[in-house]
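Here it is, the structure, as structure tokens.
Labels below follow one simple rule: chain letters A, B, ... track the order of the sequence lines, proteins then strands, and each chain is numbered from 1. Heavy-atom basis, side chains included; hydrogens, waters and symmetry copies ignored.
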Amino acid sequence: MKTSQMFFPTQREIPRDAELISHQMLVRGGFVKSVAAGVYSYLPLGWRVHEKISQIVRDEVKLFGAQELHMPVLVPRELLDESGRSSVPVLFALKDKNQRDFFLGFTHEEVVTDIVRSTVNSWKQMPLYLYQIQTKLRDEPRPRGGLIRGREFTMFDGYSFDSNEGDLDAIYRENYRAYERIFTRCGLKYLAVEADPGAIGGSENHEFMILTESGEDTVLRCDSCGYAANAERAEIPPSDVSDRPDLLVQDLVSTPGAHTVEEVCAFLKVSPQQLIKTIICTASDGTVVAGLVRGDRELNLPKFSRAVGIGALELADPATVVRVTNAPVGFAGPVELGVSVYVDLELKAGGNFVVGANAADAHLLNVTPCHNFEVTGWADIRTAVAGDSCPRCAGGILGDARGIEVGHIFKLGTKYSKDMNALFQNDKGEKYPVIMGCYGLGVSRTMAAAIEAHNDANGIAWPISIAPFEVAIIIANMKDEAQTTAAKDLYSSLKQAGVDALLEDRDERPGVKFKDIDLIGIPIQVVVGKALAEGAVEIGIRGSAEGRQRVAVETAASYVRNLVQSEKDKLQAS
RNA sequence: CGGGGUGUAGCUCAGUGGUAGAGUGCUGGUUUUGGGAACCAGAUGUCGCAGGUUCAAGUCCUGUCACCCCGACCA
């Protein structure tokens, strides 16, 4: 490709609406154009990157026998009714002319299961792994960060079908390894973490995170055994400390206007560790329960929901809080509260805590679980943080990092096959539901994450495997015929050798070309300029400290080929 | 859905009731040619939209829409 003919509308200014670096650079570099909130056009450069990532994904999943197919965006309502997912809030819904209900595909478990149930009926037809790379549509409550969270985005979604658990385990491992190879080849530092499966259900699941400061998730890692989990999932080992101090007499104090932990602590001159937060939650059936954690901790809703065991809990609305506690929000407490009380394990230690008094502007002093109120159950219900002990090994301490979730893989088991009656016969002629797994990888999000992880003041520093071009040949002075001729020759021979080269042949000043090539992130840069008078071109790697090396024109092509290969080799999975 | 912010030239922004502006980009010309050149000449507007107040509204008021950020949410 020649830049003189290429459509890549770069701009110098940082776009007003872009906050994240990746968003800014995608727009500035002419990779994408915003159409509506969370909806983007991919311009030619952006699409090249998108397709390079997609191809790497295809290459790697093919290695374990995955087969590509293509399912529709339009999904009839009846299919999602079968799995009970037609009320999922992020669904885009529409009607056709005959008032028939459709959804836009947000993921395709039901569609692929429908294919399989009508065609796979014997254990001999499995294992089977089908995947697609396709646009997904989700009416996100809040799209943000450019390609990080869109309403329309591209996802690889793979689905496995097996006749026994062992085969599911095997394909899950294969997929896990393929993801490791994919992210390695994309030049991304990833971390696979244990995660919350959400309402998709299933047992084992892992998220693949790209570690970068701007990530929206927090991950926790053990410094000694390698345990890693999303902070929303990470377990906390039960503490063996359960000592109680001498218990003092419960006391009612006035705390006017002190709603928050900070305000109460400031007013009573106690530390947050000496306070217990009482969080009122509701289940979908209307049941109200209370969760208690230390004042400096966060209640973890998924953990709390599992501990209580009546489905997903959510924070109660203020009206419910007022009804249950007879007080405004901020004064809830466990003493004489008319609902079940679950207490975080950490509160087995210590005592004489401060709690809300279930009355406006009042708190209770010297309250201790089991002594001043009845405990319905003890459980690990707080969110883990850096510094907590590792749940898997003795002595390990969890550290934290930020990450962008670019992949999530699940062992679904028989959830969908049961709901949708996808059965097969085993070798004894018995009917069983197909055992499934599903595997998602955000292609567009990976593109954004790669920029978050690889950029500098001048622009994007694409890993060579996913860069829109591998090499840019920059002609310093278009009026110099020797330069243009030498550059075009080099360009031709690189193209012939299969190198993905870009010829920067616009009639612009050199500075403009250098800036643009840096901005769009071409990793290997060849300058055909002044040095040509001495029979040399300058070849360098974008952003490298060494600068550009002078290389004789005659050997430039092979020099570049070797450089491309060695850069690619650095990204090869071991 | 709650809180905050922003809508004026392609882009980034200034403009506190009285003629619509700058920088950059764009077009033509001259000179330049190693990190976003200089000079000259030019083109470019539904001031988000609707209503209201006023002799007069980009500016004040009401409503509405869009976009961004924080939170909720994120099968």
- Side-chain ion pair, A:E504 and A:K2, N-O less than 4.0 Å: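 A:K2 and A:E504: not salt-bridged.
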- Message: Expected output is a numbered-order residue list: members of residues 536-544 of chain A with a heavy atom under 4.0 Å from any atom of RNA chain B. What is it?
- Response: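 Residues of residues 536-544 of chain A that come under 4.0 Å of RNA chain B are, in numerical order, A:E538.
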- Query: With sugar-phosphate meaning primed atoms plus P, OP1 and OP2, does A:G146 contact a base, only sugar-phosphate, or nothing at under 4.0 Å between heavy atoms?
  - Reply: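 If one applies the 4.0 Å heavy-atom cut-off, A:G146 turns out to touch nothing in the nucleic acid.
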- Rounded distance in Å between the C1' positions of B:U62 and B:A57: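 15 Å, rounded to whole Å.
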- Euclidean distance, A:D419 CG relative to A:E82 CD, rounded to 0.5 Å: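 So the CD of A:E82 and the CG of A:D419 are separated by 8.5 Å.
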- With C1' as the reference atom in both, quote the distance from B:G15 to B:A9 in angstrom, rounded to an integer.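 Their C1' atoms lie roughly 14 Å apart.
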- So among A:F208, A:Y439, A:F183, which one has a ring pair (Phe, Tyr, Trp, His ring centres under 6.0 Å) with A:Y176?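 Between A:Y176 and the candidates, ring pair (Phe, Tyr, Trp, His ring centres under 6.0 Å) is satisfied uniquely by A:F208.
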- Message: Nearest to the A:R28 side chain among B:G36, B:G34, B:C73, which nucleotide is it?
- Response: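 The listed nucleotide nearest to A:R28's side chain is B:G36.
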- Message: It should be established whether A:R142 places a side-chain nitrogen or oxygen under 4.0 Å from OP1 or OP2 of nucleotide B:C70.
- Response: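 Yes, such a contact exists.
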- Item | Watson-Crick or G-U wobble mate for B:U59, both contacts under 3.5 Å |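 No nucleotide pairs with B:U59.
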- Item | Closest nucleotide among B:C11, B:G36, B:U33 to the A:K479 side chain |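 Ranking B:C11, B:G36, B:U33 by closest atom to the A:K479 side chain puts B:U33 first.
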- Message: In whole Å, measure the gap between the P atoms of B:A14 and B:A22 for me.
- Response: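 16 Å, rounded to whole Å.
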- Message: With a 4.0 Å cutoff (strictly under), does any side-chain N or O of A:K515 reach OP1 or OP2 of B:G35?
- Response: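 So the side-chain polar atoms of A:K515 never come under 4.0 Å of the phosphate oxygens OP1 or OP2 of B:G35.
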- Pairwise side-chain contact, A:L168 with A:S160, heavy-atom cut-off 4.5 Å (strictly under):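 Side chain of A:L168 against side chain of A:S160, heavy atoms only: contact under 4.5 Å found.
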- Task: Measure the distance from CG on A:D507 to C1' on B:G28 and round it to the nearest whole Å.
- Result: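 In whole Å, B:G28 C1' lies 15 Å from A:D507 CG.
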- Task: Name all residues meeting the side chain to side chain contact (heavy atoms under 4.5 Å, CB included) criterion together with A:A467; count only those two or more places apart in sequence or in a different chain, and write none if there are none.
- Result: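 A:A467 satisfies side chain to side chain contact (heavy atoms under 4.5 Å, CB included) with A:W462, A:P523 only.
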- Query: Distance between the C1' atoms of B:A66 and B:C47, in whole angstroms?
  - Reply: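 It comes out at 16 Å once rounded to the nearest Å.
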- Quick one: does NZ or CZ of A:K136 land under 6.0 Å from the six-membered ring centre of A:F106, within 45 degrees of the ring axis?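 Here A:K136 fails the 6.0 Å and 45° test against A:F106.
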- Message: Considering every strand and a 4.0 Å limit on heavy-atom distances, what is the contact class for A:P15: base, sugar-phosphate, or nothing?
- Response: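 Here A:P15 touches the backbone only, sparing every base.
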- With both distances under 3.5 Å as the test, what is the Watson-Crick or G-U wobble partner of B:A37?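 Across all strands, the one nucleotide that pairs with B:A37 is B:U31.
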- Item | C1' atoms of B:C11 and B:G36, separation to the nearest Å |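 Comparing C1' positions in B:C11 and B:G36 gives a spacing of 14 Å.
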- Tell me what A:D480 touches on the nucleic acid: a base, only sugar-phosphate, or nothing, going by heavy atoms under 4.0 Å.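 Since no nucleic acid heavy atom lies under 4.0 Å of A:D480, the category is nothing.
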- Go through the N and O atoms of the side chain of A:D516 and the base of B:G36, and report whether any donor-acceptor pair is under 3.5 Å.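 Pair found.
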- Does any donor atom in the side chain of A:Q483 or A:N477 lie under 3.5 Å from an acceptor atom in the other side chain?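 Short answer, no.
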- 5' priority, RNA chain B, between A:F106 and A:H23 [closest heavy atom]: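 Final value for this comparison: A:H23.
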- Please state how far atom CG in A:D456 lies from atom P in B:G35, giving the value in whole angstrom units.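 Value for this atom pair: 18 Å.
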- Query: Any side-chain donor paired with an acceptor under 3.5 Å for A:Y491 and A:D505?
  - Reply: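 Not at all, the side chains of A:Y491 and A:D505 share no donor-acceptor pair under 3.5 Å.
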- Nearest to the side chain of A:L301, which nucleotide is it out of B:C73, B:C67, B:G34?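 The answer is B:C73, which lies nearest to the side chain.
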- Item | Rounded C1' spacing from B:G18 to B:U54 in Å |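 It works out to 12 Å between them.
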- Item | Nucleotide of B:A37, B:U33, B:C73 approaching A:V512 most closely (side-chain heavy atoms) |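 For A:V512, the side-chain atoms sit closest to B:A37.
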Please tabulate, one pair per line, each protein N/O and nucleotide N/O from nucleotides 21-24 of chain B that are separated by under 3.5 Å, including the distance.
none

- What integer number of Å spans the P atoms of B:C13 and B:C69?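 Taking atom P in both B:C13 and B:C69, they lie 14 Å apart.
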- Searching all strands shown, indicate the nucleotide that pairs with B:U6 (Watson-Crick or G-U wobble; both distances under 3.5 Å).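 In the structure as shown, B:U6 has B:A66 as its Watson-Crick or wobble partner.
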- Return the nearest nucleotide to the side chain of A:N477; candidates are B:U33, B:C74, B:G36.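 Among the listed nucleotides, the one closest to the side chain of A:N477 is B:U33.
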- Among B:C69, B:U32, B:G34, which nucleotide sits nearest the side chain of A:R509?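 Within the option list, the nearest is B:U32.
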- Query: Across the strands shown, which category fits A:I474 at heavy-atom distances under 4.0 angstrom: base, sugar-phosphate, nothing?
  - Reply: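 No contact at all - A:I474 keeps every heavy atom at 4.0 Å or more from the nucleic acid.
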- Message: My understanding is that a pair needs two contacts under 3.5 Å, Watson-Crick or G-U wobble. By that rule, which nucleotide pairs with B:A72?
- Response: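 Pairing partner: none.
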- Cation-pi, A:F514 ring and A:R548 (6.0 angstrom, 45 degrees):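 Yes - A:R548 lies over the ring of A:F514, closer than 6.0 Å to its centre and within 45° of its axis.
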- Paired nucleotide for B:C26 [Watson-Crick or G-U wobble; both distances under 3.5 Å]: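 Looking at the geometry, B:C26 pairs with B:G42.
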- Kindly point out which of B:C67, B:G35, B:G36 is positioned nearest to the side chain of A:T10?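 Ranking B:C67, B:G35, B:G36 by closest atom to the A:T10 side chain puts B:G36 first.
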- Query: Between B:U12, B:G36, B:U33, which nucleotide gets closest to the side-chain atoms of A:R16?
  - Reply: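 The closest nucleotide is B:U12.
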- Message: For the P atoms, the ones on B:G45 and on B:G5, what distance do you get once it is rounded to whole angstrom?
- Response: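 Each nucleotide's P atom is 32 Å from the other's.
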- Query: Just by modelled atom types, is the A:L80 backbone N or O under 3.5 Å from a matching donor or acceptor in the A:E110 side chain?
  - Reply: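 Such a contact is absent between A:E110 side chain and A:L80 backbone.
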- Task: Find which nucleotide of RNA chain B each of A:A37 and A:G529 is nearest to by heavy atoms, and output the residue with the more 5' nucleotide.
- Result: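 Checking each residue's closest nucleotide, the 5'-ward one belongs to A:G529.
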